[in-house]
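Here is the structure we will look at, set down as structure tokens.
Just so it is clear, the structure is predicted and the values come from calculations on it, not from any experiment. So you know, we letter chains A, B, ... as the sequences are listed, proteins then strands, and number each from 1.
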Protein chains: 2
Amino acid sequence: MNELSTEDRIKQAAKALFQEKGYSGTRTRDIAERSGINLALLNYYFRSKQKLFELVMLETIQQFFGTLPQYLNNPETSLDEKIQLLSRRYIDFLKTEPDLPLFILSEIRHNASGLIEKMNLNEVVFKSVLAKQYAEAMGRTEVDTKEIYMLIINPLSLIIFPFVARPMVMALTGLDQNGFDQMMEQRKTLIPIWNRNMLNSDLNTTSSNTTI
Amino acid sequence: MNELSTEDRIKQAAKALFQEKGYSGTRTRDIAERSGINLALLNYYFRSKQKLFELVMLETIQQFFGTLPQYLNNPETSLDEKIQLLSRRYIDFLKTEPDLPLFILSEIRHNASGLIEKMNLNEVVFKSVLAKQYAEAMGRTEVDTKEIYMLIINPLSLIIFPFVARPMVMALTGLDQNGFDQMMEQRKTLIPIWNRNMLNSDLNTTSSNTTI
DNA sequence: AAAGAATTTAAACATATGATTAAAATATCT
DNA sequence: AGATATTTTAATCATATGTTTAAATTCTTT
């Protein structure tokens, strides 16, 4: 009853291997071995390595970006609470899938079919409750692009970059894997504080004392 | 007199292609075509695709990390001036080599030979003038690891991540390539301001009003 | 100019890789 | 239980890929 179907076993193995080695570096024979299947089954179930890859990519992109709207759009949390939830949940998620962000960022960079352009993420962002909350705090109805840097890009930079650049971060800090994990735990609470202070620099610039 | 040697032409083509397609996705025939040489010359000059790759990697890693010490160690600039210089220079550099960070981060993640572990980057960081300046401002002789997050990891996150995640950032902000470039120009001055405010959150925590 | 060294060329090689094929095995339906 | 559909298997195929080889060409030295 707990047995995965052959199709799912292939997909799981492919997802892991594509993340580890990239598309070109992953052979169909690697996928067959890891999923414990006969090589020809990959073509039977998915028709080609390329088709399998596209399917895995779609699912993985959905996994990475798909939860973003819910963090930005909960009307019952404040702006700060949203950044707190985003930090905590994304870090928890990335700790379970440490290879995923690098894989996604690498593939969307080289992928000519524009998968994420089709997701209308900028609408999600500009029309989010988070953006509205910030605009209201500034006494306006809309945020501008520069404000999106602080509201979205900077938190995501602080959350995701250490995962993408883990060997580099470990080399710079001298932390081992365990230390790195602890660092990311600490950043769950630190990132919202830092971000609040970055937002405050904009508030100070506009001489507003509004508390969000 | 301006003629590049055959060896250099191969290296340049290889560097560009490895960044675009990765190691496995780049064929020796691609490199030969792009450098305008006969295929066998790759083996004549570099013995193998693997050896060529290792050489290109070494040079590229040096290019990416090699300038870091000079930004952290100039005794004639304040802490804030160092972050300003780091932001400006790294952003300028990355605008000329937009594919480089993703390539480096991807390869050091999968590279078992531990190239960057041998660089003793954490010594560079912990013993830097920057770290000393911060410790002095805190009335101590040394910084701890958490402080390195703010002094080094956070600025690097804010600087490098948008380049690594360019399609994602463009999708979230709705910016085109031109807009993205302008955004990075703005971040040259914004990142030091933001970082100063993050550091201030630590200063406030320790109830110190010291100005650095 | 001739000899020797270095570079370049085109073809061939040995192996790898994604895909196909046909038969065998298993599952499902009547 | 037999017929049919689906899944699996092992071998084979067609092409790709990194590398080698030997000859030709160019460069350097005497």
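Ion pairing between a basic and an acidic side chain is recognised when a charged N comes within 4.0 Å of a carboxylate O; A:E59 and A:K15 show no such pairing.
Protein chain B contacts DNA chain D from D:dT17 to D:dT21, reading 5' to 3' and using non-hydrogen atoms of the protein with a distance under 4.0 Å.
A side-chain donor-acceptor contact under 3.5 Å links B:H110 to the backbone of A:E20. B:D30 places a side-chain N or O within donor-acceptor distance of the main-chain N or O of B:R27, the cut-off being under 3.5 Å.
Not counting sequence neighbours, the partners of A:F53 by the ring pair (Phe, Tyr, Trp, His ring centres under 6.0 Å) test are A:F18, A:Y23. B:F126 is linked by a ring pair (Phe, Tyr, Trp, His ring centres under 6.0 Å) to nothing, counting only residues two or more places apart in sequence or in another chain.
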Sequence-aligned protein contact record of nucleotides 15-21 of chain C, with B where the base is within under 4.0 Å of a protein heavy atom and S where only the sugar-phosphate is: --BBBBB
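Among pairs with a residue in residues 118-130 of chain A, none fulfils side chain to side chain donor-acceptor pair (under 3.5 Å), at least two apart in sequence or across chains.
Against DNA chain D, the stretch residues 8-20 of chain A makes no heavy-atom approach under 4.0 Å.
For B:Y45, no side-chain nitrogen or oxygen approaches OP1 or OP2 of C:dA6 to under 4.0 Å.
To the nearest 0.5 angstrom, A:L79 atom CG is 6.0 Å from A:L151 atom CG.
Counting heavy atoms from C-beta on, the side chains of B:T173 and A:V125 never come closer than 4.5 Å.
Side-chain atoms of B:Q12 and B:D8 include no donor-acceptor pair closer than 3.5 Å.
The environment of A:K51 atom NZ is sparse: at most 12 non-hydrogen atoms of other residues, nucleotides or ligands sit within 6.0 angstrom.
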